[in-house]
Amino acid sequence: MAGEKRYDHIAIEKKWQQTWNEAHCFEAKDDRSLPKYYALIEFPFPSGAGLHVGHPRPYTALDVIARKKRLEGYNVLFPIGYDSFGLPTENYAIKTGEHPMKVTERNISVFHRQLQMLGMSFDWSREIYTSDPAYYKWTQWIFLKLFEKGLAYKAELPINFCTSCKVGLANEEVIDGTCERCGAPVIRMVRSQWMLKITEYADRLIDDLDKIDFSDRIKTTQRNWIGRSTGAEVTFKIDGYPEGLKIYTTRPDTMFGATYMVVAPEHPLVEALKDRITNMEAVEAYREQAAHKSDFERSELAKDKTGVPLEGVYAINPCTEKPIPVWISDYVLMGYGTGAIMAVPGHDTRDWEFAMKFGLPIVEVVAGGDVTKEAFTDCETGVLVNSGFLNGMQVEEAKKAIIEYLEGKGIGHKKTNFKLRDWLFSRQRYWGEPIPLVYCEHCGWVPIPEDQLPLTLPEIDNYKPAEDGSSALARATDWIHTTCPKCGAPAEREIDTMPNWAGSSWYFLRYCDPHNDKALASKEALDYWMPVDWYNGGMEHTTLHLLYSRFWHKFLYDIGVVSCPEPYLKRTSHGMILAEDGRKMSKSFGNVINPDDLCRDLGADTVRLYEMFIGAFEQTIPWSTTGVMGCRRFLDRVWRMLDMVKGEGERPEMRASLHTCIKKVTEDIERMKFNTAIAGMMSFVNEVYSNGSITRDELRTLLILLDPFAPHIAEEMNEQLGFEPLYKAKWPVWDEAALVSNVQELGIQVNGKLRTKMTVPADISQEELKELVLSNPDLANWIEGKTLRKFIAIRNIVNVVVG
RNA sequence: GCAGAUGUGGUGGAACGGCAUACACAGCGGACUUAAAAUCCGCCGGCGAAAGCUUGAGAGUUCGAAUCUCUCCAUCUGCACCA
């Protein structure tokens, strides 16, 4: 029969990709009575280099899920788009003078072709890209809503400025004092910037993690990033400084042990008390020095603490009523808490180091350690001492008591703090969404009326940012000069644009209804498709994109646009694929593997199968050329089964193997154990080869199981067997009864060590089994003359305990 | 320093607390072939003379531990003076 045809992957893959496109069989249906499933991958940035072999790993994984869910009867939304604003495109445009939109379009078409080539079952009718005015109209709309609700504000801030890219960077984009993208040094520069109040959502961003299925790794990373801590804010009295010195502490219970105070070098107290400070010269010198250090240098030099006392200034410890000295030191940061601390050297490592260096007194107030050797920071076991009314209390108990005491005296209260800062939303770049606001001398910042959105980017010739660090838009004077929408007076447009993270913060909503021009998506579509059932993406987006998009989604929930408080029910992260030499794939190492070559030489099905078989999905793994060949060999073996087809139906002798395979593949896909699902199919194929033949129906079942991984070859073979296309098939269900065999092989242990094996009838009784095992001559050596203490028979193991 | 993850053959990796090394790669042998490739069929962790021992090291819980608990070591990934 058909087996004479060789496995021509190029022809087969082309044929089926065309067939699927023409049949529109992977498009999500409008029928909202069906159960829905929304599978999402992170949309790529369409770089000029095209896809590399790292991309197909997460894409194939969710393609497997999407294809399987469709066969199980779900209405599946599995969309694709492009995160097309961004620096690399703009940099390319600066270099070549080509319009970024042109570059973007060309790159997108390459990505589109490659994704088709890989046989991804995306709903191509919903393809979107963030630099499309029809899309960014709604990005701007969301920004205006944030502005309207007071969540977008302008702040004069020292920003991180990349000396090479000439662009402001978020803290997250600065790595060890250098630019994340180009590696050039980052300096501080004061600028008026748009900020988004993500901190207002900090509590909810942490608390709602309990409601969703993110891996612990992701949850922990987000919690640490937000960095919530609870403690107290307390005001210490200072002579000549009537407002008092407000500090933040997580250990108010140790207040009796506060023997000095420290303020950040920039703290306003220093300026206010400069007439009282007797060593102002030394203090000024220290401040000067600190101001010249970047944050990076400060933390690098952290090991060795520095500081200067504010001579002549004393604070009063509200517990002991004793005067204590006040110091400035750069180990206290102006940006966190109140920029001032009470130092408890007995119970804080940093304070202890500082006290040791400068000979400040160390008082033990929690017993359990030896504060002359190191700070005792244990909160579990310690008991309060030297602490007046707190003596004898546990730490937690003492915290409550002291806060109550401080509240009674009106000098302190409970306080929660976060490490998370507001989101710096301004970029001095051309290739981003224009911020739809104008500045009017009379009215201030005024939003552009909604019906005038989108505010599109003006055409310009030179994309290079201005020398002062402003975006190239600064030169588009015709565009900038406008009138105030409110009062009609001359006004100027904002020339900063939005960061790359804006468009990607809500794209999953647009997919639900991508062509809507009345709203970002209709309420009905959002209510049906949201939330995303499974979102997979890189671990590197855990603290930025994932947090930003959760923030925007929660905001949209608050204003009634969406009905679910969290956008993603489940989030997983894939591991990276390294080059064969174990290094990262990179042009500069010359070790990049191109999916085009692989698809041409071995086929998309082989690439897909290999990327799923390569190892545990979350793990980083090096590529292996011989490993890919193994997967191709497996598909060749499957193909040749067309020559082994005899008869119909399921034969009794193959039933157990076939149903074991169905169960394995079904369950392993759900568990994201793609590698063992494939191993299960390989085992089945090996058994068919030992058996010598397979029936038409048995093979059809195998092809359905294979379809999510290697859809082209599966469809082709299925067609040659004369069946209806696989995209119309039903996912098979295993018969539990078929899995039980009438005999069972048991491992027999004596005192926990395996000594022999036995094959027994599956329905044997405990008594019969016991008799049979104890009379087994192989065990005589081990049990003869000993007393039987226990006889344990569980599952497929027997343990005879003798003594 | 803190947090998280990971340690199993020559390699990638399997193993609801129950026969450690499934599946694959590499290697070895055989069949087919004038020959090679491809294919098919086998073999294939280490140490030990052997009984045995062996899942990074050591302890513990258990009838039974790669798996659970504790201590340590190594590697990777975040965060890093966050009071």
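In what follows, every heavy atom counts, from backbone to side chain, and hydrogens, waters and symmetry copies are set aside. In what follows, every chain begins at residue 1, and chains take the letters A, B, ... in the order their sequences are listed.
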N/O donor-acceptor pair, side chain A:Lys305 with base B:rC81, under 3.5 angstrom:
yes
Expressed in angstrom and rounded to an integer, what is the separation of A:Phe791 atom CZ from B:rG18 atom P?
19 Å
Taking any heavy-atom pair under 4.0 Å as a contact, classify A:Arg789: base, sugar-phosphate, or nothing.
nothing
Atom C1', compared across B:rC19 and B:rG64: separation rounded to whole Å:
12 Å
Can you see if the side chain of A:Arg223 gets near the phosphate of B:rG4 - specifically, an N or O under 4.0 Å from OP1 or OP2?
no
When syn is taken as a glycosidic angle within 90 degrees of 0, is B:rG9 syn or anti?
syn
Exam field: side chain A:Gln222 to backbone A:Thr542, donor-acceptor pair closer than 3.5 Å:
yes
Tell me the interatomic distance from A:Met641, atom CE, to B:rU39, atom C1', rounded to whole angstroms.
16 Å
For residues A:Ser657 and A:Glu687, is any side-chain donor paired with an opposing acceptor at under 3.5 Å?
yes
Looking only at the side chains, is there a donor atom on one of A:His9 and A:Asp605 sitting less than 3.5 Å from an acceptor on the other?
no
Name the residue closer to the 5' end of RNA chain B, choosing between A:Arg251 and A:Glu745 according to the nucleotide with the nearest heavy atom.
A:Glu745
Please pick, from B:rA14, B:rC40, B:rC19, the nucleotide with the shortest atom-to-atom distance to any side-chain atom of A:Tyr689.
B:rC40
Whole-Å distance, A:Phe674 CZ to B:rG13 C1', equals 16 Å
Measure up the A:Phe354 and A:Tyr260 rings against each other and bin them: parallel (under 30°), tilted (30 to 60°), perpendicular (over 60°).
parallel
Considering only the C1' atoms, how many Å lie between B:rG9 and B:rA15, rounded to the nearest integer?
15 Å
Any donor-acceptor N or O pair under 3.5 Å, side chains A:Thr625, A:Glu580:
yes
Does atom CD of A:Glu374 have more than 12 heavy-atom neighbours from other groups under 6.0 Å away?
no
Tell me: CZ of A:Phe634 to P of B:rC40, nearest whole Å?
12 Å
So what's B:rU77 paired with, Watson-Crick or G-U wobble, going by both distances under 3.5 Å?
B:rA3
C1' atoms of B:rA65 and B:rA20, separation to the nearest Å
11 Å
The side chain of A:Trp225 lies closest to which of these nucleotides: B:rC79, B:rG18, B:rG13?
B:rC79
Watson-Crick or G-U wobble mate for B:rA24, both contacts under 3.5 Å:
B:rU11
Within the structure shown, what part of the strands sits under 4.0 Å from A:Trp782 by heavy-atom distance: base, sugar-phosphate, or nothing?
sugar-phosphate
Give me the distance, rounded to whole Å, that separates B:rG7 from B:rU67 when you measure between the C1' atoms they each carry.
13 Å
Would you measure the distance from the C1' atom in B:rA3 across to the matching atom in B:rA80 and give it in whole Å?
10 Å
Tell me the interatomic distance from A:Ile797, atom CD1, to B:rA20, atom P, rounded to whole angstroms.
7 Å
Taking the six-membered ring for Trp and the full ring for Phe, Tyr or His, determine whether the centres of A:Phe613 and A:Phe634 are under 6.0 Å apart.
no
Among B:rA3, B:rC63, B:rA83, which nucleotide sits nearest the side chain of A:Thr220?
B:rA3
Within the 4.0 Å heavy-atom criterion, would you say A:Ala343 contacts the bases, only the backbone, or no part of the nucleic acid?
nothing
Side-chain N or O of A:Thr349 less than 4.0 angstrom from OP1 or OP2 on B:rG1?
no
Does the side chain of A:Lys419 get closer than 4.0 angstrom to OP1 or OP2 of B:rA80 through an N or O atom?
no
Which is more 5' along RNA chain B, the nucleotide nearest A:Ile794 or the one nearest A:Ser229? Just name the residue.
A:Ile794
Whole-Å distance, A:Leu754 CG to B:rA66 P, equals 13 Å
Report the distance from atom CD of A:Glu618 to atom C1' of B:rU6, rounded to the nearest whole Å.
12 Å
Applying a 4.0 Å non-hydrogen cut-off, can you work out what A:Asn224 is touching in the nucleic acid: base, sugar-phosphate, or nothing?
sugar-phosphate
Partner nucleotide of B:rA83 by Watson-Crick or wobble geometry (both distances under 3.5 Å)
none
Please tabulate, one pair per line, each protein N/O and nucleotide N/O from nucleotides 21-28 of chain B that are separated by under 3.5 Å, including the distance.
| unit_1 | atom_1 | unit_2 | atom_2 | d |
| --- | --- | --- | --- | --- |
| B:rA24 | OP1 | A:Asn686 | ND2 | 3.2 |
| B:rC25 | OP1 | A:Arg633 | NE | 3.2 |
| B:rC25 | OP1 | A:Arg633 | NH2 | 2.9 |
| B:rC25 | O2' | A:Thr626 | OG1 | 2.7 |
| B:rA26 | OP2 | A:Arg633 | NH2 | 3.2 |

Just compare B:rG13, B:rG18, B:rG78 and give me whichever is closest to any side-chain atom of A:Ile621.
B:rG13
Quick one: do the A:Asn417 and A:Ser229 side chains pair a donor with an acceptor below 3.5 Å?
no
How far does the P atom of B:rU77 sit from the matching atom of B:rA66, given to the nearest Å?
30 Å
Measure the distance from CG on A:Asp643 to C1' on B:rC40 and round it to the nearest whole Å.
13 Å
Checking base pairs now: Watson-Crick or wobble, both atom distances under 3.5 Å. What partners B:rU69?
B:rA59
Using Watson-Crick or G-U wobble geometry with both distances under 3.5 Å, which nucleotide pairs with B:rU33?
none
Base, sugar-phosphate, or nothing: which does A:Arg632 touch, judged by heavy atoms less than 4.0 Å apart?
nothing
Tell me, with the steps shown, if A:Glu736 and A:Lys663 meet salt bridge (charged side-chain N to carboxylate O under 4.0 Å, His left out).
CA-CA 9 Å; A:Glu736 202 66 45; A:Lys663 181 177 177 171; 3.5 Å; yes
Relative to the ring of A:Phe617, is the ring of A:Phe674 parallel (under 30°), tilted (30 to 60°) or perpendicular (over 60°)?
perpendicular
Are A:Tyr331 and B:rA83 close enough that a side-chain N or O sits under 4.0 Å from OP1 or OP2?
no
If I pick the C1' atom on B:rU54 and the same atom on B:rA35, what distance separates them, to the nearest angstrom?
45 Å
Give me the distance, rounded to whole Å, that separates B:rA57 from B:rC41 when you measure between the C1' atoms they each carry.
43 Å
Salt-bridged, A:Arg640 to A:Asp636, with N to O below 4.0 Å?
no
